[in-house]
Asks: 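Pasting in a structure now, in structure tokens, and then I'll have a few things to ask.
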Amino acid sequence: MVFIPELKLGLWNGWLFLAMYLVVFSLTMATFSESVRARLYDRSLWTQKQKTVAVIGKIFSLSNMILFLFSPLRFESPLFILGLILWTAGLFGLVAALITYSRTPLAEPVNSGIYKISRNPQIFTIWVIFAGICLMIGSSLSLLLFALSLFFLHTGVLAEEEACLRQYGERYQAYIDRVPRYFLAF
């Protein structure tokens, strides 16, 4: 693991796995109705502070994506295999979460499929995907940017849960009481 990898454009850089994730995500989203996509990105019940803190997290994520573009994959590192496993698991989990989300009636909270074991499987699986790419490029700086983005983006998760509580009331509170925020804990 290096702090700052040798930055250069190349075919075998982290951008490759970032691009594959973005293509799969985009193709999956393209199959959903406009109302499902609107619901997915609805931030109308968030406070301005929650929106601002979430944007800070996205800036760290964007910084990491730029690092992925110019960082060679470290195939020789044992961490590459671990990163590839995380990336693959995250991608499959994300698609499963999105499909479950899209099949849930708009007036109902999502609580079936993968949502039975995590209240936030979409964001969690995206974090797993990013962690995988960080390991595949073998950069401590990338892991640091990732950790900073997690810190700030967690605020967005809390904001979504507050909004769901206001929107769905007791049904969502019962869901919170039985399902952890991030799979095993929290």
Asks: Is a side-chain N or O of Tyr101 found less than 3.5 angstrom from the main chain of Leu40, in a donor-acceptor match?
Replies: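 Between the backbone of Leu40 and the side chain of Tyr101 there is a qualifying donor-acceptor contact (under 3.5 Å).
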Asks: With rounding to the nearest 0.5 Å, note down the distance linking OG in Ser61 to CD1 in Ile66.
Replies: 11.0 Å
Asks: What's the spacing between Arg74 CZ and Glu6 CD if we round to 0.5 Å?
Replies: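 The CZ atom of Arg74 sits 10.5 Å away from the CD atom of Glu6.
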Asks: Please list all pairs passing the ring pair (Phe, Tyr, Trp, His ring centres under 6.0 Å) test where one or both residues lie in residues 29-54, with sequence neighbours left out.
Replies: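 Non-adjacent pairs meeting ring pair (Phe, Tyr, Trp, His ring centres under 6.0 Å): zero.
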Asks: Is atom CD of Glu76 surrounded by more than 12 heavy atoms (other residues, nucleotides or ligands) closer than 6.0 Å?
Replies: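 Atom CD in Glu76 is crowded, with more than 12 foreign heavy atoms closer than 6.0 Å.
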Asks: Should Leu82 and Met1 be regarded as members of a common hydrophobic cluster, given that ILVMFWY residues are connected when their side-chain heavy atoms come within less than 4.5 Å of each other, either directly or indirectly?
Replies: yes
Asks: Starting from Leu158, can I reach Leu150 by hopping between I/L/V/M/F/W/Y residues whose side chains sit under 4.5 Å apart?
Replies: no
Asks: Measure the shortest side-chain to side-chain distance between Leu73 and Ile137 over non-hydrogen atoms and say whether it is less than 4.5 angstrom.
Replies: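 Yes - at least one pair of side-chain heavy atoms lies under 4.5 Å apart.
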Asks: How far does CG of Leu148 sit from CG of Leu143, to the nearest 0.5 angstrom?
Replies: 11.0 Å
Asks: Hey, what do you get for CG (Asn120) to NE2 (His154), rounding to the nearest 0.5 Å?
Replies: 9.0 Å
Asks: For side chain to side chain contact (heavy atoms under 4.5 Å, CB included), just list the numbers for Leu153 and Val157, CA-CA rounded to whole Å, side-chain angles, deciding distance to a tenth of an Å, and then say yes or no.
Replies: CA-CA 7 Å; Leu153 291 172; Val157 169; over 6 Å; no
Asks: Run the side-chain donor-acceptor check on residues 126-134: report pairs under 3.5 Å with partners two or more places apart or on a different chain.
Replies:
none

Asks: Any non-hydrogen side-chain atom of Tyr172 less than 4.5 Å from a side-chain atom of Gln167?
Replies: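 Side chain of Tyr172 against side chain of Gln167, heavy atoms only: no contact under 4.5 Å found.
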Asks: Please examine the side chains of Glu162 and Leu45, heavy atoms only from C-beta on, and report whether any two atoms are closer than 4.5 Å.
Replies: no
Asks: In a table with atom names and distances, give each donor-acceptor pair under 3.5 Å that connects a side chain of residues 10-24 to protein atoms at least two apart or in another chain.
Replies:
residue, atom, partner, partner atom, Å
Asn13, ND2, Lys8, O, 2.6
Asn13, ND2, Leu69, O, 3.0
Trp15, NE1, Gly10, O, 2.7

Asks: If you count heavy atoms of other groups shown closer than 6.0 angstrom to NZ of Lys116, is the number above 12?
Replies: no
Asks: Distance check, rounded to the nearest 0.5 Å: Ile99 atom CD1 versus Leu94 atom CG?
Replies: 9.5 Å
Asks: Within the distance-only criterion (no hydrogens, no angle test), does the side chain of Ser139 pair as donor or acceptor with the backbone N or O of Phe3 below 3.5 angstrom?
Replies: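 A pair under 3.5 Å: yes.
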Asks: For salt bridge (Lys or Arg N to Asp or Glu O under 4.0 Å), just list the numbers for Arg171 and Glu108, CA-CA rounded to whole Å, side-chain angles, deciding distance to a tenth of an Å, and then say yes or no.
Replies: CA-CA 9 Å; Arg171 290 181 295 168; Glu108 296 293 321; 3.0 Å; yes
Asks: Cluster question for you: counting only ILVMFWY and a side-chain heavy-atom cut-off of under 4.5 Å, with indirect links fine, are Met136 and Ile81 together?
Replies: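 Yes: a chain of side-chain contacts under 4.5 Å links Met136 to Ile81.
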Asks: Going by atom types alone, do Tyr115 and Gln122 pair a side-chain donor with an acceptor below 3.5 Å?
Replies: yes
Asks: Has Thr104 got a side-chain atom pairing as donor or acceptor with Thr100's backbone, closer than 3.5 angstrom?
Replies: yes
Asks: Answer yes or no: does atom CZ of Arg43 have more than 12 heavy-atom neighbours from other residues, nucleotides or ligands under 6.0 Å?
Replies: yes
Asks: State plainly whether one hydrophobic cluster holds both Leu79 and Val2, where clusters connect Ile, Leu, Val, Met, Phe, Trp and Tyr through side-chain heavy atoms under 4.5 angstrom apart.
Replies: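 Looking at the clustering, Val2 is in a separate group from Leu79.
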Asks: Please find the pair of heavy atoms, one from Pro180 and one from Ile117, that lie closest to each other, and give the distance.
Replies: CG-O, 3.7 Å
Asks: Output, in order, the C-alpha distance, side-chain angles, deciding distance and verdict of side chain to side chain contact (heavy atoms under 4.5 Å, CB included) for Ile176 and Leu165.
Replies: CA-CA 9 Å; Ile176 285 175; Leu165 269 172; 4.0 Å; yes
Asks: Which is it for Asn64 and Ser149 under the side chain to side chain contact (heavy atoms under 4.5 Å, CB included) test, yes or no, and what are the steps along the way?
Replies: CA-CA 9 Å; Asn64 217 358; Ser149 71; 5.8 Å; no
Asks: When you measure from the side chain of Arg119 to the backbone of Tyr175, do you find a donor-acceptor pair of N or O atoms at a distance under 3.5 Å?
Replies: no
Asks: Phe75, Leu135: one ILVMFWY side-chain cluster at the under-4.5 Å cut-off?
Replies: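 As far as the 4.5 Å side-chain criterion goes, Leu135 and Phe75 are connected within one cluster.
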Asks: Quick check: closest heavy atoms across Arg37 and Ala30, and the distance to 0.1 Å?
Replies: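 Minimum heavy-atom contact is NH1-O, 4.1 Å.
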Asks: Please determine whether side chain to side chain contact (heavy atoms under 4.5 Å, CB included) holds for the pair Leu141 and Leu67, giving the CA-CA distance in whole Å, both sets of side-chain angles, and the decisive distance to 0.1 Å.
Replies: CA-CA 9 Å; Leu141 174 59; Leu67 188 60; 4.1 Å; yes
Asks: Rounded to the nearest 0.5 Å, what's the gap from OG on Ser63 to CZ on Phe146? Could you check?
Replies: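 Here the interatomic distance stands at 14.5 Å.
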